[in-house]
Amino acid sequence: MSERDPMVDEFDTVAAWTADAVAVLGPDHALPAACRGSGSPGALDWLAEAMGVSAGTHLLDSGAGVGGPAAYLARTRGARPVLAEPMVGACRAARRLFGSPVVAADGARLPFGAGTFDSAWSLGVLCTLEDKRSYLRELARVVRDGGAVGLLVYTRTVEELPDQPEGNWFPSRAELVADLEACALSVLDEVPLADVPGTPEDWQRAADAVEAEVERVHGEDPRWARAAEQEETIGSLIEDGLVVGVLVGCRREARAGATATD
Ligand SMILES: C[S@@+](CC[C@H](N)C(=O)[O-])C[C@H]1O[C@@H](n2cnc3c(N)ncnc32)[C@H](O)[C@@H]1O
C-alpha cells in the first residue's frame, strides 16, 4: 500500500486523527466515533445475539479498525475481544481509546493458532478485499469447531456499479454465499442492515461531533479530502440501493476428523 492509497487515508491516517478528536471532546465520544464500518449499536446487538456472545466469550475482531465494536461487546456482554488490524494508526488509536489488546496483522495471515477463539467477527472488512477467500479461510482457521462467525458485509445489488470506489470490491449476495461455503462457514441467520434499529440520536450526534473536529483540524489536508470523497462515494451507492449492508451469522464447520464442540 502506498502513502497515497485512499485506504491508508481512510483507515490509518483518519483513524489516528479520530483518537486525537476524542481526546479533545471527551471519552463519551469514543464508542460512536470508533465504530467505523458497523454503524448502529442495533447492528452489533443483532450480530452478538445471533453469535451467542456472552460473558467471557473469547472473540477475534479481524479488521477491527479503531476498536469501537469490540469495546462495545466487552462493555455490553462482558466478552473478551482481541483485535487484529493491519493499519498501525488504527491499532494505536484502539489502544489509546479503549486499552484493547490488539495486534497489527493482515486478516489473511493471522498470528494465532488453529481454534484459538470461541468466535470471531468481521465488520465492513470483506468489501475492502479483492481476495476474500484467503481472509475468510484464516478467520475460520482461528475459530474452534462449531464456533460462531459474524459478518457485516456490504453487497452490491447490480452486476456493475456506476461509480466503483477505489480499493473496494463489493460482492453480490450469491458471491458472498459461495465464498462463505468455500471457507467452511455455514450461514445460520442473516438480516439486512436496514431492518435492525438505526443509530440512536445521541450516538449519531457524538460521531458527527468527532467528524467535525477532525475536519476543523485537518480539513485542508489532501488526505482528509481523499478519505471524505471515498466515504461520500460509498454513501451514495448505499443511498441509491446499489450497495446493501447485510448482517450474517455463521457457524464454523467441524474440521475433518474432528468432533464439533457444540
Ligand atoms: C470499514 S473499516 C471497518 C472497521 C471496523 N471493523 C468497524 O466496524 O468499525 C474496514 C477495516 O478493514 C481493515 N482491513 C483492510 N484490509 C484488511 C486485511 N487484509 N485484513 C484485515 N483487515 C483489513 C481496514 O484497515 C479497516 O480498518
Side-chain angles (χ1 to χ4, degrees), residues 1 5-19 22 30-48 59-74 81-95 97-98 100 102-112 120-142 149-155 165-170 183 193 196 199 203 207 210-211 227-228 230-235 237-238 243 245-248:
M1 261 181 232
D5 189 320
M7 307 307 268
V8 173
D9 296 330
E10 191 178 356
F11 299 135
D12 195 73
T13 310
V14 174
W17 292 345
T18 299
V22 170
L31 266 185
C35 290
R36 298 189 56 78
S38 42
S40 68
L44 301 179
D45 288 337
W46 185 92
L47 211 45
L59 172 140
L60 175 71
D61 187 337
S62 179
V66 185
Y72 182 81
L73 264 194
V82 172
L83 284 57
E85 163 60 48
M87 300 286 178
V88 173
C91 293
R92 287 202 189 105
R95 266 206 92 75
L97 291 176
F98 307 109
S100 311
V102 54
V103 292
D106 181 343
R109 283 190 301 274
L110 291 169
F112 304 110
W121 75 7
S122 158
L123 309 173
V125 182
L126 219 52
C127 62
T128 69
L129 305 173
E130 193 168 12
D131 176 5
K132 296 173 187 7
R133 292 192 183 186
S134 297
Y135 169 88
L136 286 172
R137 263 188 216 109
E138 223 9 32
L139 200 63
R141 184 186 67 78
V142 300
V149 173
L151 301 144
L152 164 59
V153 186
Y154 289 94
T155 57
E166 221 179 308
N168 281 271
W169 293 269
F170 298 100
C183 298
L193 193 54
V196 299
T199 310
W203 183 282
V210 171
E211 277 197 15
Q230 180 85 352
E231 276 183 30
E232 210 170 291
T233 307
I234 295 173
L237 291 172
I238 293 172
V243 166
V246 57
L247 297 162
V248 188

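All values reported here derive from a predicted model rather than from experimental measurement. In listed order, ligands and their atoms are each counted from 1.
A side-chain contact (heavy atoms from CB on, under 4.5 Å) with Leu44 is found for one member of Val196, Leu123, Leu247, Leu73 and no other, namely Leu123. Checking Val149, Val82, Leu60 one by one against Val142, the side-chain contact (heavy atoms from CB on, under 4.5 Å) holds for a single residue, Leu60.
Of the candidates Gly67, Gly124, Gly63, Cys35, Gly63 brings a heavy atom nearest to atom 5 (C) of ligand 1.
Glu166 contributes atom CD, which lies 9.0 Å from atom CE of Met7 (distance to the nearest 0.5 angstrom). Interatomic distance, CD of Gln230 versus CZ of Phe11, reported as 7.5 Å (0.5 Å rounding). Rounding to the nearest 0.5 angstrom, the gap separating the CG atom in Leu136 from the OG atom in Ser122 is 7.0 Å. Between the CG atom in Asp61 and the CH2 atom in Trp121 there is a gap of 6.5 Å [rounded to 0.5 Å].
Across Val88 and Asp12, no two heavy atoms sit closer than the pair N-OD1, 3.2 Å.
Listed by atom number, the atoms of ligand 1 under 4.0 Å from Glu85 heavy atoms are 13 (C), 24 (C), 25 (O), 26 (C), 27 (O). Those atoms of ligand 1 with a heavy atom of Thr128 less than 4.0 angstrom away are 15 (C), 16 (N). Which parts of ligand 1 touch Met87 is read off a 4.0 Å heavy-atom cut-off, strictly below it: atoms 25 (O).
Residue contacts with ligand 1: Phe11 is placed with no nitrogen or oxygen under 3.5 Å of a nitrogen or oxygen of the ligand (distance criterion only). Taking only nitrogen or oxygen atoms, main chain and side chain alike, Pro69 does not reach within less than 3.5 Å of ligand 1. The shortest N/O to N/O separation between Asp61 and ligand 1 does not fall below 3.5 Å. Ligand 1 has an N or O atom lying under 3.5 Å from an N or O atom of Asp106, backbone or side chain. Taking distance alone, with nitrogen or oxygen atoms compared against 3.5 Å, Pro86 stays at or beyond that limit from ligand 1.
Between the side chains of Asn168 and Tyr154, not a single donor N or O lies within less than 3.5 Å of an accepting N or O.
For the pair Ser62/Tyr135, a side-chain contact is recorded, criterion being any heavy-atom separation below 4.5 Å from C-beta on. Using a 4.5 Å cut-off on side-chain heavy atoms (C-beta onward), Val103 and Pro111 make contact.
Counting heavy atoms under 4.0 Å from ligand 1, residue Met7 does not touch it at all. Contact annotation for Leu129 and ligand 1: only side-chain heavy atoms (C-beta onward) come within less than 4.0 Å of the ligand. With a 4.0 Å heavy-atom cut-off, ligand 1 is reached by no atom of Ser122. Of the heavy atoms in Leu123, both backbone and side-chain atoms come closer than 4.0 Å to ligand 1. The backbone of Ala64, and not its side chain, has at least one atom closer than 4.0 Å to an atom of ligand 1 (non-hydrogen atoms only; backbone = N, CA, C, O).
Every heavy atom of Ala108 sits 4.0 Å or more from the atoms of ligand 1. Residue contacts with ligand 1: Ala34 is included, with a non-hydrogen atom under 4.0 Å away.
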